[in-house]
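Before any comments, here is the structure.
Quick note on labels: first sequence line is chain A, next is B, and so on, each numbered from 1.
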2 protein chains.
Amino acid sequence: MVDIIIDKGSPVPQYFQLQTSLIEQIEQGVFKPNDKIPTEAEIQNMTGLARATIRQAIQNLVNMGYLERRRRLGTFVLDRVQSGKKQTIIGVLVPDIRSGYSPELARGAGDEAAQNRHSIILCNTDDLYVKANYHVEHLIETGVSGIIFVPTASPDEKNLDLIEKFKRKNIPVVLADRLIPGLDIDSVTTDNFDGAYSLTRYLIDKGHQQIGIILSMLFSTERERLAGYQKALTESRLDVDPDLVVTSEGPFSEKDYREHARSLLKQHKKMSAIFAGHDRIAFIIAAMAHKMRIDIPGEISLAGYDDLPFTNSHPVGLTTMHQPIYEIGQQSMNLILSRIRGKKSAPKKIVLQSYLVERSSVATILK
Amino acid sequence: MVDIIIDKGSPVPQYFQLQTSLIEQIEQGVFKPNDKIPTEAEIQNMTGLARATIRQAIQNLVNMGYLERRRRLGTFVLDRVQSGKKQTIIGVLVPDIRSGYSPELARGAGDEAAQNRHSIILCNTDDLYVKANYHVEHLIETGVSGIIFVPTASPDEKNLDLIEKFKRKNIPVVLADRLIPGLDIDSVTTDNFDGAYSLTRYLIDKGHQQIGIILSMLFSTERERLAGYQKALTESRLDVDPDLVVTSEGPFSEKDYREHARSLLKQHKKMSAIFAGHDRIAFIIAAMAHKMRIDIPGEISLAGYDDLPFTNSHPVGLTTMHQPIYEIGQQSMNLILSRIRGKKSAPKKIVLQSYLVERSSVATILK
DNA sequence: ATTGTCCAATTGTATAGACAATTATACAAA
DNA sequence: TTTGTATAATTGTCTATACAATTGGACAAT
């Protein structure tokens, strides 16, 4: 039965009490869609409130999309679809949807969002702060409910600055794939240290003793991979030859990496295997080796990292660490959705495991 | 100067007159962002209206995002950005953001949207009607302003059905890359007929007389390519050998295509070149040829279609038709934005040109 | 069957006035 | 310096009341 009680003594405004009471009854189904609620006069009799007060409450519910007034007929409850809860949209900021793992990540996030009847707005940052910032402002204006963010290649404080903007608006953020040192926030990553360690161990077990490595130092992911590589070597009492460690501070540029690949391959007599920081470098190395007439894996073995979707169909047959990128996207979405639903708890740091995919680019060396 | 005149005799409600007058003065810059407007008491003196009436007008402007009340301080004009006009969001429906040309297309559309301060909601259809339909409903609920749609692999009437749903809601739609026969609607495509014709001519000019082809018949694009191939052959008085035309009715499946590739390659003595319907098939053929120890281009030449982003870095060195996918995305976005801005004119059908990218997979045959 | 007129219910607009809550500011007290 | 307190300006909440506008439905006129 209809039942509205107003506590005149409460500090809660009476129009607000009425409003809350009505919403409750609508959501609990006392008033169903298309039902007519009591007229203003009736509510006046029931509650003793002034009509203006009642109107204020009802007007708010009309603005919120719960009710609809029809002159001479009364006030009616709107359908669920139209009422209240608007669509939830999650912003996804990735470096570049065309390449690397971004498509896979976006796909995982998108599928998971779709399953929960939400959508993603996709933004390319090109790993640049300015572009990311542009999208950040825009996403906030658009009113997204949450953000999945792959930090850009900019300095940490720049990335922090972007995250801060969301925090100020109470929009939850999940970091995907890359971390920002010292920042305690929800994240979904893979264990790059452990992955690189396992991969290097694998190479060592195959008999390789001189292992070159080439990677960028821009991201937490690759820095961890370098650390894993170093640990595996020192653990096996092998020297880390600084000549064989080629790092780059700059962002990924096809041309730079070709140069790096060439300079490393020039020393190919000094080593039996190369650990490429990620598959794209691996393929550049493979192409360069082909050009320099160095046979893989005959003369030198090659291992990658990522196992990108097309790695599988690439004729090099690259042995690489498979990263569960799709799952990163999924889990990031799940995490952000649980935050949007209001879950309060300490930041959750999900770390997924990678696994080795053996193809044909690594040879076994007989001692 | 501040100046509010209310006509008490007018049938226009006085609160509405006040409201309109205030909006006008805000938009004309009499009140600038962060300015304080007169207090309720002052307006009362200026107009002679009751405070409740004034409040009603002001409350509406607060709801509309023009004003902000600050207790004890007064009522202030908000920034333009926050006020009124909501963000425009464009839905983009692609087969699969992970593979093929979708990432490039989404990137083109996304960049163009960003330049115009809009966003894209990205949806993967997997070329399935049901998934597309799911997203369609959701996009409509979300209130997107326009749609860029790559038709699914479903029958035409299913795709028409999806488009119809948008039309009913007056949401403009642009078809990207693929067409639906008989449908007169905005579209951005490439000239597949002409492209395939040129590519086949190129092969013929290189001395190839027996040219196999393998493609799917599911999409308008590939059907046109087949037609272009046939035209080039007959024009040069070469027979179209039905044994060398391998078509598939089903959707793209790695396994099926491997089988098709194998059966075509078994006949490799009968031909000197293969025209692969798109690059992904081309790479499957290349991998299969490698397995069967058939040298490309030594024993057989191979040409693709699409020039996907990674084709370039693929060691096969595939000669292929470059499709301006990024531009398709851009132009689609431009077209949809002009429709959203209200442009009325006959459906515009933009056809972009492809061009040949010569790499090393096609040999010249000496006669 | 269509059109016109009136009625009554209900929401829409408006006035006048009262007191409450909030908060920037200034000033006092610790 | 910090903390508490008073003040006044302004918006926030609420009552009581009146008349206007809209409109479904009944009924009459054409």
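- A residue-by-residue look at B:A52 and B:E40 shows that B:E40 has its nearest nucleotide of DNA chain D further toward the 5' end.
- A:I58 places its CD1 atom 11 Å from the C1' atom of C:dT10, with the value rounded to the nearest Å.
- The phosphate of D:dA9 has neither OP1 nor OP2 within less than 4.0 Å of any side-chain N or O from B:T39.
- Rounded to whole angstrom, the span from the CD atom of B:Q59 across to the C1' atom of D:dG12 amounts to 10 Å.
- A:T53 has a side-chain polar atom (N or O) that falls below the 4.0 Å cut-off from OP1 or OP2 of D:dT15.
- One finds no side-chain N or O of A:R70 lying less than 4.0 angstrom from the OP1 or OP2 phosphate oxygen of C:dT11.
- Of the two residues near DNA chain D, B:E42 and A:F16, the one whose nearest nucleotide lies more 5' is B:E42.
- In terms of polar N and O atoms assigned as donor or acceptor, the side chain of B:R51 comes within less than 3.5 Å of the base of D:dG12 in a complementary pairing.
- Using a 4.0 Å cut-off between charged nitrogen and carboxylate oxygen, A:K349 and A:D186 do not count as a salt-bridge pair.
- Taking every heavy atom of both residues into account, A:I54 and A:L18 meet most closely at CA-CD2, 3.8 Å.
- Nucleic acid contact for B:R55: base, since at least one base atom lies under 4.0 Å from a heavy atom of the residue.
- Rounded to an integer number of Å, the gap from A:L67 CG to C:dT10 P is 16 Å.
- For the pair A:Q14 and D:dT13, the criterion of a side-chain N or O lying under 4.0 Å from OP1 or OP2 is not met.
- Counting only N and O atoms by type, the side chains of A:K165 and A:N133 include a donor and acceptor under 3.5 Å apart.
- At the phosphate of D:dT10, neither OP1 nor OP2 sits under 4.0 Å from any side-chain N or O atom of B:T75.
- The nearest whole Å value for the distance from the CD atom in A:Q44 to the C1' atom in D:dT17 is 10 Å.
- With respect to B:L162, the side-chain contact (heavy atoms from CB on, under 4.5 Å) criterion is satisfied by exactly one of B:V136, B:I147, B:V173: B:V136.
- Listed pair B:R69 / D:dG12 meets the phosphate criterion, a side-chain N or O lying under 4.0 Å from OP1 or OP2.
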